[in-house]
Amino acid sequence: MRDDERDLRLAVQLLNDAARVAVLTGAGVSAESGVPTFRGAGGFWRGRSAVELATPGAFRSDPAGVWEFYRFRIGALAGVTPNEGHRSLVTLERRCERFWLITQNVDGLHRAAGSENVIELHGSLARARCTSCSYDCRTDDLPDEAVPSCPRCGDRLRPAVVWFGESLPEPAVRSAEEAVRECQVMVVAGTSGVVEPAASLAHRAGARGAAVVEVNLEETPISRVARVSLLGPSGVVLPRLVGLVD
Ligand code: BV8
Ligand code: ZN
């Protein structure tokens, strides 16, 4: 039997034996819907890296430039639909007793596919919030200004995403911690395993005894803790894997 066949069968067996399953996804899962990844070629915008733009410092020094970057990404999502990989995770959720879908992605595609228990670690491009008061709104309702201002207090609005150097939303962290404690299997799909504290969720689940099943185009730091790594596009591998699970 070829190695990849053997690995796939092991991954199927691990999921068949599990009632409590967590999934951690990254930009690679949305890449199959045409959304540029964070670190690949898509990670650059007008010569500036996404990592450099996704920071409070960039927003302080160039709020209009940062809003241009986010409006570009929000606009690029129009017409983007979930792919087979997103849909396979909806099927997987329905067959598990307990299921957590932890995503680093901010594109809303898991919810659009029909996933229910979605934990958005890094927030969402669908919403903006005030930098001073509790006002928030949908980004398709934004005032048409270079730097949208809050209708309630007049201060600047910002995208409701988590920037580098910012803490993750408490409720999302609590749910992700529960998943790490309880899951028997954690499927980790389409993430470079570079960004913390998201990447540590996989390492900690593995260290605790959960079986980590990685799905990626290439090896990542998470491959070290994976019981099995399935190499290939998530839009092909995930449906194939879930399709074989009882
Ligand atoms: C925090 C929202 C505590 C914004 C994102 C030094 C100073 C300060 C902080 C740090 C530091 N060193 C480390 C840190 C922590 C820092 C961090 O991790 N930095 C990295 C760059 C080293 N983390 C933080 O700052 C976090 N907060 O730590 O709070 C704190 C508080 C105060 C001070 C210090 C610490 C906040 C991190 C959240 C950042 N926000 N997104 C926005 O989107 O604009 S993260 C961003 O990266 C996206 O969400 C993205 O999803 C995420 C992770 O990237 P990936 O999803 O993995 O995507 P990537 O492009 O990297 O990889 C794609 C993968 O898919 C690849 O492996 C590829 O092979 C694979 N792939 C591609 N195509 C396919 C595929 N796989 C399968 N099929 C395919 N078709
Ligand atoms: Zn306000």
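The residues of the chain are indexed from 1 along the displayed sequence. Remember, it's 1-based here, ligands and their atoms both numbered in the order they're listed. Side chains are part of it too, since the values below use all heavy atoms of this structure and drop only hydrogens, waters and symmetry mates.
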Gap separating the CZ atom of R181 from the CZ atom of R208, nearest 0.5 angstrom: 9.5 Å
Proximal atoms of ligand 1 relative to G26 (non-hydrogen, under 4.0 Å): 56 (O)
Please could you name the atoms of ligand 1 that E218 approaches to less than 4.0 Å, counting only its heavy atoms? 69 (O)
So is there a nitrogen or oxygen of V51 less than 3.5 Å from a nitrogen or oxygen in ligand 1? no
With a 4.0 Å cut-off on N to O distance, would you call E177 and R204 a salt bridge? yes
Nearest 10°: the angle subtended at the Zn ion (ligand 2) by C150 SG and C130 SG? 110°
Specify side chain, backbone, both or neither for A31, according to which of its non-hydrogen atoms lie closer than 4.0 Å to ligand 1. side chain
Does a side-chain heavy-atom distance below 4.5 Å link R127 with D136? yes
Checking the N or O distance criterion of under 3.5 Å, is ligand 1 in contact with V195? no
Numbered atoms of ligand 1 (with element) below 4.0 Å of P233, judged on heavy atoms: 78 (N)
Proximal atoms of ligand 1 relative to G190 (non-hydrogen, under 4.0 Å): 63 (C), 64 (C), 65 (O), 76 (N)
NZ/NE/NH1/NH2 to OD/OE distance under 4.0 Å, R87 and E84: yes
Using a 4.0 Å heavy-atom cut-off, which part of L217 comes near ligand 1: side chain, backbone, both, or neither? both
dist T139:OG1 -> Y70:OH (nearest 0.5 Å) comes out at 12.0 Å
Students often mix this up, so state it plainly: with edges at 30° and 60°, are the rings of H110 and H86 parallel, tilted or perpendicular? perpendicular
Would you mind running through ligand 1 and noting each atom that sits below 4.0 Å from a heavy atom of V106? 2 (C), 43 (O)
R240-S88 side chain donor-acceptor pair, cut-off 3.5 Å: no
Any N or O of E196 closer than 3.5 Å to N or O of ligand 1: yes
Any atoms of ligand 1 less than 4.0 Å from a non-hydrogen atom of N105? List them with their elements. 51 (O)
Salt bridge check, R20 against E93: does any charged N sit closer than 4.0 Å to a carboxylate O? no
Using a strict cut-off of less than 4.0 Å between a Lys/Arg side-chain nitrogen and an Asp/Glu carboxylate oxygen, indicate whether E68 and R73 qualify as a salt bridge. no
Out of A160, G165, A50, who is nearest to atom 31 (C) of ligand 1 when you count heavy atoms only? G165
Looking at E32, R73, E166, the heavy atom closest to atom 36 (C) of ligand 1 belongs to E166
Provide the number and element of each atom of ligand 1 under 4.0 Å from a heavy atom of Y70. 4 (C), 42 (C), 44 (O)
Between CG of L14 and CE of M186, what distance do you get to the nearest 0.5 Å? 14.0 Å
As an exercise, identify every atom of ligand 1 less than 4.0 angstrom from a heavy atom of W163. 36 (C)
